[in-house]
Peer 1: 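Below is the structure I would like to discuss, written out as structure tokens.
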Amino acid sequence: MTELLKISLPDGSVREMEPGATPADVAAAIGPGLAKAAIAARVDGELRDLGRPFEGDAQLALVTNRDEEDALELARHDFAHVLAEAVQSLFPGTQITFGPATSDGFYYDVKAPDSRDPFGIDDLPAIEEEMRRIIKADKPLKREVWSREQLIDKWEADGEAFKAEWARELPEDEELTVYWSGEDWLDMCRGPHLPSTGKLDPQAFKLTRVAGAYWRGDQNNPQLTRIYGTGWLNKKQLDAHLTRLEEAAKRDHRKLGREMDLFHLQEEAHGSVFWHPKGYRIWRELEAYMRRRMDGAGYREIKTPQLMDVRQWEQSGHWGKYAENMFAVPDMVPEVDDTGAGAHPKVAPDADWMAIKPMNCPAHVLVFKQGITSYRDLPIRLGEMGCCHRNEPHGALHGLMRVRQFTQDDAHIFCTEHQVVEEVRAFCQLADAVYSNFGFEYDIKLALRPEKRLGSDADWDRAEQELRDAVEEAGMANADYGWEELPGEGAFYAPKLEWHLTDAIGRTWQVGTIQGDRVLPERLDASYVGEDGEKHRPVMLHRAIFGSYERFIGILIEHFAGKLPLWLAPVQAVVATIVSDADGYATEVERQLAAAGIRVESDLRNEKINYKVREHSLAKVPHLLVVGNREAEEGTVAVRTLGQQHQKVMPLAEAIAMLREDATPPDLRQS
RNA sequence: GCUGCUGUAGCUCAGUGGUAGAGCGCACCCUUGGUAAGGGUGAGGCCGGGAGUUCAAUCCUCCCCAGCAGCACCA
């Protein structure tokens with residue numbers, strides 16, 4: 001006689017099922033409503049197809065659209081498959097590769113037939129239509145286990161070179177599966193999937209864009225077309241998502257930077273920022289803030305050359321490993337023939353070359369090496385608001401976030417082996433204090449040794465453990481701080497701690513970092529005299545908190561949607577008149593505010609107050625001080641604060657006191 | 001760097017094989033109005049750069065440059 005399977009449900013009950021039964025059978029046994037609603041199953045915690053038979057006694061939890069996280073993942077994965085099927089149906093000869101779910105949808109990488117150009121945005125509407133047709137056809141998605149040979153034969157017979165390549169390389173011990181869509185299309189996939197395409201909502205997805213992507217993420221491989229879509233459980237969710245995207249676009253720092261007159265970019269200096277008075281005001285406030293922080297944490301600020309002879313960069317190793325990202329200039333008087341247009345300076349063949357620094361570390365080692373350093377002097381913390389240039393790949397440039405000229409809040413800590421953990425721990429706390437002051441929550445990641453690296457495994461073991469220990473001692477190696485270790489992500493010379501900020505749109509950016517480096521002190525022969533009278537190598541910690549002023553300001557703008565905290569706002573208050581009779585009073589109000597250290601402007605223009613309110617609100621001025629005849633007579637101001645509809649009339653002295661208090665940088669507040 | 005898309009007034013964008021238009025902004029005039037756009041007049045463009053096709057190119061073709069989205073890169 002056959003043994004019945006014991007299937008335990010989340011409510012504690014146990015159902016006995018015939019061998020070969022599936023989660024779908026259990027759902028049907030419980031009731032028709034659940035049978036209809038179920039889209040997948042968790043079997044012993046693993047997400048599986050509804051139609052995949054149990055392999056023995058099991059814990060079962062049926063998944064429905066109420067389990068949103070699982071449901072979204074399944075739906076997006078299925079959208080990706082339907083996308084691939086649709087593309088092949090419309091464009092026979094298209095090769096398919098991979099198509100995973102993403103955080104808001106899905107994509108699929110395909111290779112268009114040689115007979116046509118890569119797919120473009122114009123192809124998307126037809127593909128969407130075909131996807132809807134496949135969804136409406138409600139094709140069952142059926143799992144089958146295939147042998148490797150079967151798979152390879154199938155893909156080669158179909159001319160699917162990428163799939164065949166992948167099938168050959170799948171791990172030996174893995175069960176290989178395909179999923180049928182109806183009778184006529186299949187894809188190799190680990191699954192799980194929904195029971196049928198009809199479980200998808202045909203109105204809950206939208207193809208959004210196409211882009212190039214390299215096969216297996218390698219630049220040396222053929223480039224495929226990646227078709228992106230956003231996918232949800234229903235139209236309401238899709239619409240909400242599209243609205244969110246519109247809101248996100250409104251706070252794009254490039255758009256706000258122009259609207260608020262903070263900075264501009266132009267092609268003659270692409271990748272380098274022209275800071276306007278208002279934008280540079282933010283910079284100066286940040287710089288003053290960071291100087292106070294670093295002064296208070298035992299750093300000493302230095303300034304080092306922009307240009308150094310390339311021989312110095314050869315010695316540091318940068319000229320060998322980093323030259324393609326460096327700018328070099330000939331050390332000579334340029335000869336230009338003055339025949340006019342098209343004249344180019346001539347570079348003498350024997351010219352000496354200088355390079356503009358792409359980073360500050362070698363120069364800091366050179367400062368460290370001046371004189372003789374005793375172990376008693378360590379740690380030595382050298383800071384620099386270091387302006388660096390890197391010739392980044394052009395496609396990488398992005399507003400303020402990725403530029404070719406940028407200024408780091410850089411510092412290098414030279415210390416002994418024994419001081420590393422304590423220095424890193426102290427840095428964790430400094431970084432925490434800084435990010436908290438801006439209201440940022442952050443994640444800390446530990447990027448571990450990459451495949452290509454310098455140094456022994458023993459050194460790497462130690463270096464990684466030092467960083468890990470330091471974060472643990474700081475009490476930050478936990479989920480509250482998004483603690484995570486990233487294998488293979490480290491620099492070639494050292495593991496890195498990385499601080500990632502999440503902006504209000506949910507994108508993450510790396511800003512802060514600290515790295516323990518034993519390579520550069522060696523290459524540039526930095527040493528200190530130990531207690532034993534012998535020379536020793538210091539460890540060099542590279543660290544930054546803002547990362548770069550450019551990127552940090554970009555993040556601030558987006559995070560606050562341009563409505564910066566008062567201490568950072570370029571213009572903190574505008575005095576706006578209602579009638580020209582109040583001009584004299586307004587000027588006096590402006591004078592007193594300026595004398596109190598408030599960044600203030602006055603608006604005496606011949607415009608209605610409605611117009612002025614609107615304009616300064618759009619310009620995101622935090623406080624509007626409106627004055628008319630009444631205020632002039634009473635010595636008051638009507639304060640309208642950004643984001644509020646009402647205004648508060650108060651004596652001028654009171655308004656000044658309030659603004660001064662609010663404009664105090666967070667690190668200088670008493671409380 | 002790769003793939004796709006884009007480049008017209010300071011900004012946002014229409015438009016046409018016969019060298020251009022709107023709104024906002026700007027200047028001037030009228031208006032002195034109590035909390036998100038008062039009215040009028042006017043100035044502004046080598047239609048990203050170069051080559052080609054054509055009687056004629058901002059428009060079509062090719063090459064460059066820059067920007068956007070992604071990929072790769074981010075020592």
Side-chain angles (χ1 to χ4, degrees), chain A residues 102 107 109 111-112 117-124 208-228 249 252 254-255 258-259 261 264-271 316-318 320-326 342 358-359 361 388 390-399 401-403 406 450 452-454 489-494 496 498 510 513 515 517 519-520 542 547 551 576-583 604-619 624-631 638-640 642 644-647 649:
Chain A
T102 64
Y107 66 79
D109 287 349
K111 174 96 166 56
D117 290 334
F119 299 111
I121 197 105
D122 297 336
D123 295 311
L124 298 185
T208 49
R209 57 182 180 266
V210 293
Y214 300 105
W215 166 238
R216 306 180 80 163
D218 186 335
Q219 205 166 177
N220 300 313
N221 286 338
Q223 190 160 35
L224 310 167
T225 304
R226 177 168 296 179
I227 302 176
Y228 280 93
D252 188 305
R254 293 165 298 188
K255 178 176 153 69
R258 197 166 41 238
E259 289 173 359
D261 193 18
H264 85 270
L265 297 158
Q266 67 181 61
E267 50 176 287
E268 288 76 8
H270 68 111
S316 69
H318 293 93
K321 285 205 186 302
Y322 202 66
E324 64 181 23
N325 286 294
M326 290 171 67
M359 53 198 78
C361 22
C388 299
R390 297 181 189 176
N391 198 350
E392 300 283 2
H394 289 190
L397 301 176
H398 181 92
M401 302 301 199
R402 188 86 179 266
V403 287
F406 56 94
K452 287 183 187 168
R453 58 181 183 265
L454 295 176
E489 300 275 311
F492 73 91
Y493 57 84
K496 302 193 286 188
E498 301 176 348
Q510 189 203 310
T513 185
Q515 311 163 14
D517 180 7
V519 173
L520 201 58
H542 307 244
R551 178 177 286 186
T577 51
I578 295 170
V579 291
S580 53
D581 288 346
D583 284 2
L604 309 182
R605 288 175 306 169
N606 175 14
E607 295 290 352
K608 294 198 172 182
I609 192 60
N610 291 14
Y611 182 90
K612 294 184 183 180
V613 166
R614 176 182 151 82
E615 189 172 278
H616 297 300
S617 298
L618 289 174
L624 197 55
L625 276 48
V626 177
V627 297
N629 286 327
R630 226 158 42 221
E631 287 76 14
V639 181
R640 179 178 167 130
L642 186 61
Q644 297 179 1
Q645 250 88 67
H646 65 277
Q647 58 274 354
V649 179

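Bear in mind that the values here come from a model prediction, so they are computed numbers and not experimental data. By convention in this document, chain letters (A, B, ...) are assigned in the order of the sequence lines, proteins followed by strands, and residues within each chain are numbered from 1.
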Peer 1: Which word best sums up how the rings of A:Y493 and A:H542 line up, parallel for under 30°, tilted for 30 to 60°, or perpendicular for over 60°?
Peer 2: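 If you compare the ring of A:Y493 with that of A:H542, the planes turn out tilted.
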
Peer 1: Without swapping roles, check the side chain of A:D252 against the backbone of A:A249 for a donor-acceptor pair under 3.5 Å.
Peer 2: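 Flag not set: sc A:D252 to bb A:A249 has no pair under 3.5 Å.
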
Peer 1: What's the spacing between A:T208 OG1 and A:I121 CD1 if we round to 0.5 Å?
Peer 2: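 CD1 of A:I121 is found 7.5 Å from OG1 of A:T208.
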
Peer 1: A:N325 CG to B:C74 P: how many Å, rounded?
Peer 2: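 It works out to 9 Å between those atoms.
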
Peer 1: May I ask you to verify whether the side chain of A:Y228 and the base of B:G4 hold a donor-acceptor pair under 3.5 Å?
Peer 2: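 Answer no: no donor N or O sits under 3.5 Å from an acceptor.
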
Peer 1: The side chain of A:R226 lies closest to which of these nucleotides: B:G70, B:A36, B:G38?
Peer 2: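 Taking heavy atoms from C-beta onward, the closest nucleotide is B:G70.
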
Peer 1: Taking for each residue the nucleotide of RNA chain B with the nearest heavy atom, is it A:Q647 or A:F406 whose nucleotide lies nearer the 5' end?
Peer 2: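 The residue closer to the strand's 5' end, by nearest nucleotide, is A:Q647.
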
Peer 1: Would you measure the distance from the P atom in B:G7 across to the matching atom in B:U61 and give it in whole Å?
Peer 2: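 Nearest-Å result for B:G7 against B:U61 at atom P: 13 Å.
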
Peer 1: Please evaluate the base of B:A36 for a donor-acceptor partner in the side chain of A:R640 within a cut-off of under 3.5 Å?
Peer 2: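 It does, because a donor-acceptor pair links the side chain of A:R640 to the base of B:A36 below 3.5 Å.
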
Peer 1: Look at the side chain of A:T225 and the base of B:U3, then say whether one donor and one acceptor between them are separated by less than 3.5 Å.
Peer 2: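 Answer is no: no donor-acceptor pair is held.
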
Peer 1: Please report, rounded to the nearest Å, how far the P atom of B:A69 is from the OH atom of A:Y107.
Peer 2: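 Atom-to-atom, A:Y107 to B:A69, this comes out as 18 Å.
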
Peer 1: What pairs with A:A211 under side chain to side chain contact (heavy atoms under 4.5 Å, CB included), at least two apart in sequence or on another chain?
Peer 2: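 Only A:Y228 meet the side chain to side chain contact (heavy atoms under 4.5 Å, CB included) criterion with A:A211.
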
Peer 1: What nucleotide, of B:G34, B:G38, B:A72, holds the atom closest to the side chain of A:I609?
Peer 2: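 Per side-chain heavy atoms of A:I609, the pick is B:G34.
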
Peer 1: Taking the P atom in each of B:U41 and B:G48, what is the distance between them to the nearest angstrom?
Peer 2: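 Here B:U41 and B:G48 have their P atoms 31 Å from each other.
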
Peer 1: Ignoring the backbone of A:V579, work out which of B:G70, B:U32, B:G38 is nearest its side chain.
Peer 2: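 The listed nucleotide nearest to A:V579's side chain is B:U32.
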
Peer 1: Rounded off to whole Å, could you give me the NE2-to-P distance for the A:H616 and B:A36 pair?
Peer 2: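 Between P of B:A36 and NE2 of A:H616: 13 Å.
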
Peer 1: Roughly how many Å is it from CD in A:Q515 to P in B:C74, rounded to a whole number?
Peer 2: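 Taking atom P of B:C74 as the reference, CD of A:Q515 is at 13 Å.
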
Peer 1: What does A:G317 touch in the nucleic acid at a heavy-atom separation under 4.0 angstrom: a base, only the sugar-phosphate, or nothing?
Peer 2: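 Here A:G317 touches no strand at all.
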
Peer 1: Applying a 4.0 Å non-hydrogen cut-off, can you work out what A:A576 is touching in the nucleic acid: base, sugar-phosphate, or nothing?
Peer 2: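 Result for A:A576 = nothing.
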
Peer 1: Taking only N/O atoms, report every protein-nucleotides 63-68 of chain B pair under 3.5 Å with atom names and distance.
Peer 2:
from	atom 1	to	atom 2	distance (Å)
B:C65	O2'	A:E267	OE1	3.3
B:A66	OP1	A:H270	NE2	3.1
B:A66	OP1	A:H394	ND1	3.4
B:C68	OP1	A:R254	NH1	3.1

Peer 1: Once you apply a heavy-atom cut-off of 4.0 Å, does A:K496 come out as touching a base, just sugar-phosphate, or nothing?
Peer 2: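 Sugar-phosphate: the residue A:K496, judged by heavy atoms under 4.0 Å, touches backbone atoms but no base.
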
Peer 1: Given the C1' atoms of B:U35 and B:A20, what is the spacing between them in whole Å?
Peer 2: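 That atom pair is separated by 41 Å.
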
Peer 1: Expressed in angstrom and rounded to an integer, what is the separation of A:L625 atom CG from B:G34 atom C1'?
Peer 2: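 After rounding, the reported distance stands at 15 Å.
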
Peer 1: Any idea if B:G48 is syn or anti, going by the 90°-from-0 cut?
Peer 2: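 What B:G48 shows is an anti base, its glycosidic angle lying more than 90° from 0.
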
Peer 1: List the residues meeting side-chain hydrogen bond (donor to acceptor under 3.5 Å, both in side chains) with A:D583, not counting sequence neighbours, and say none if there are none.
Peer 2: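 In terms of side-chain hydrogen bond (donor to acceptor under 3.5 Å, both in side chains), with neighbours along the sequence ignored, A:D583 is linked to no residue.
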
Peer 1: Of the nucleotides B:A69, B:U32, B:C71, which one has an atom closest to the side chain of A:Y214?
Peer 2: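 Given the options B:A69, B:U32, B:C71, the side chain of A:Y214 is closest to B:C71.
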
Peer 1: Nearest to the side chain of A:A396, which nucleotide is it out of B:U32, B:C73, B:G38?
Peer 2: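 Between B:U32, B:C73, B:G38, the one nearest the side chain of A:A396 would be B:C73.
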
Peer 1: If we take the P atom in both B:G25 and B:G39, what is their distance in whole Å?
Peer 2: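 Each nucleotide's P atom is 10 Å from the other's.
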
Peer 1: Would you indicate what A:D218 reaches in the nucleic acid, counting non-hydrogen atoms under 4.0 angstrom: base, sugar-phosphate, or nothing?
Peer 2: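 It contacts nothing in the nucleic acid.
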
Peer 1: Which pair of non-hydrogen atoms, one from A:A582 and one from A:N629, has the smallest distance, and what is that distance?
Peer 2: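 Closest approach of A:A582 to A:N629, heavy atoms only: N-OD1, 4.4 Å.
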
Peer 1: Taking atom P in both B:C73 and B:G15, compute the distance separating them and give it to the nearest angstrom.
Peer 2: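 One P to the other, the span is 40 Å.
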
Peer 1: Which string of ( ) [ ] | and . matches RNA chain B, if you list each base 5' to 3' and count Watson-Crick or G-U pairs only when both distances are under 3.5 Å?
Peer 2: (((((((..((((....[..)))).(((((.......))))).....(((((..]....))))))))))))....

Peer 1: Sequence neighbours excluded, which residues qualify as side chain to side chain contact (heavy atoms under 4.5 Å, CB included) partners of A:K608?
Peer 2: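 With neighbours one apart ignored, the set is empty.
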
Peer 1: Measure from the side-chain N and O atoms of A:R551 to the backbone N and O of A:M401, and report whether any donor-acceptor pair falls under 3.5 Å.
Peer 2: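 Yes.
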
Peer 1: Under the rule for side-chain hydrogen bond (donor to acceptor under 3.5 Å, both in side chains), what residues qualify as partners of A:H318, not counting sequence neighbours?
Peer 2: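 Per chain and number, A:H318 pairs via side-chain hydrogen bond (donor to acceptor under 3.5 Å, both in side chains) with A:S316.
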
Peer 1: Salt bridge (charged side-chain N to carboxylate O under 4.0 Å, His left out): which pairs involve residues 212-221 of chain A, sequence neighbours left out?
Peer 2: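 Output for this query lists A:E165-A:R216, A:E169-A:R216.
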
Peer 1: Is there a donor-acceptor contact under 3.5 Å from the side chain of A:K612 to the main chain of A:R605?
Peer 2: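 Present.
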
Peer 1: Quick one: A:K111 NZ to B:U3 P, roughly how many Å, whole number?
Peer 2: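 That distance rounds to 12 Å.
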
Peer 1: Roughly how many Å apart are B:G17 and B:G52, using the C1' atom of each and rounding to a whole number?
Peer 2: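 15 Å, rounded to whole Å.
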
Peer 1: May I ask you to verify if any side-chain N or O of A:Y611 is less than 4.0 angstrom from the OP1 or OP2 atom of B:G34?
Peer 2: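 Result: no.
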
Peer 1: A:K321 NZ to B:C74 P: how many Å, rounded?
Peer 2: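 A:K321 atom NZ is separated from B:C74 atom P by 12 Å.
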
Peer 1: Check side chain to side chain contact (heavy atoms under 4.5 Å, CB included) between A:E489 and all other residues, then give those that pass, not counting sequence neighbours.
Peer 2: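 Only A:A447, A:L486 meet the side chain to side chain contact (heavy atoms under 4.5 Å, CB included) criterion with A:E489.
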
Peer 1: With the side chain of A:P393 defined as its heavy atoms from C-beta on, choose the nearest nucleotide among B:U35, B:A36, B:C73.
Peer 2: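 Taking heavy atoms from C-beta onward, the closest nucleotide is B:C73.
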
Peer 1: Within the 4.0 Å heavy-atom criterion, would you say A:R402 contacts the bases, only the backbone, or no part of the nucleic acid?
Peer 2: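 Result for A:R402 = base.
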
Peer 1: Below 3.5 Å, does any donor atom in the side chain of A:E631 face an acceptor in the base of B:G34, or the other way round?
Peer 2: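 A donor-acceptor contact between them is present.
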
Peer 1: Of A:G120 and A:L618, whose closest RNA chain B nucleotide lies nearer the 5' terminus?
Peer 2: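 Upstream on the strand: A:G120.
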
Peer 1: Whole angstrom is fine here: how far is it from CD1 in A:I578 over to P in B:U35?
Peer 2: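 Computing the A:I578:CD1 to B:U35:P distance gives 8 Å.
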
Peer 1: Expressed as a whole number of Å, how far does the C1' atom of B:C60 sit from that of B:C47?
Peer 2: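 These two C1' atoms come out 15 Å apart once rounded.
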
Peer 1: Answer yes or no: does a side-chain N or O of A:R258 lie under 4.0 Å from OP1 or OP2 of B:U12?
Peer 2: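 The answer is yes; a side-chain N or O of A:R258 sits under 4.0 Å from OP1 or OP2.
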
Peer 1: Please list, chain by chain and in numerical order, all residues satisfying side chain to side chain contact (heavy atoms under 4.5 Å, CB included) with A:Q645, sequence neighbours excluded.
Peer 2: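 Only A:R640 meet the side chain to side chain contact (heavy atoms under 4.5 Å, CB included) criterion with A:Q645.
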
Peer 1: Roughly how many Å apart are B:U53 and B:A57, using the C1' atom of each and rounding to a whole number?
Peer 2: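 These two C1' atoms come out 10 Å apart once rounded.
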
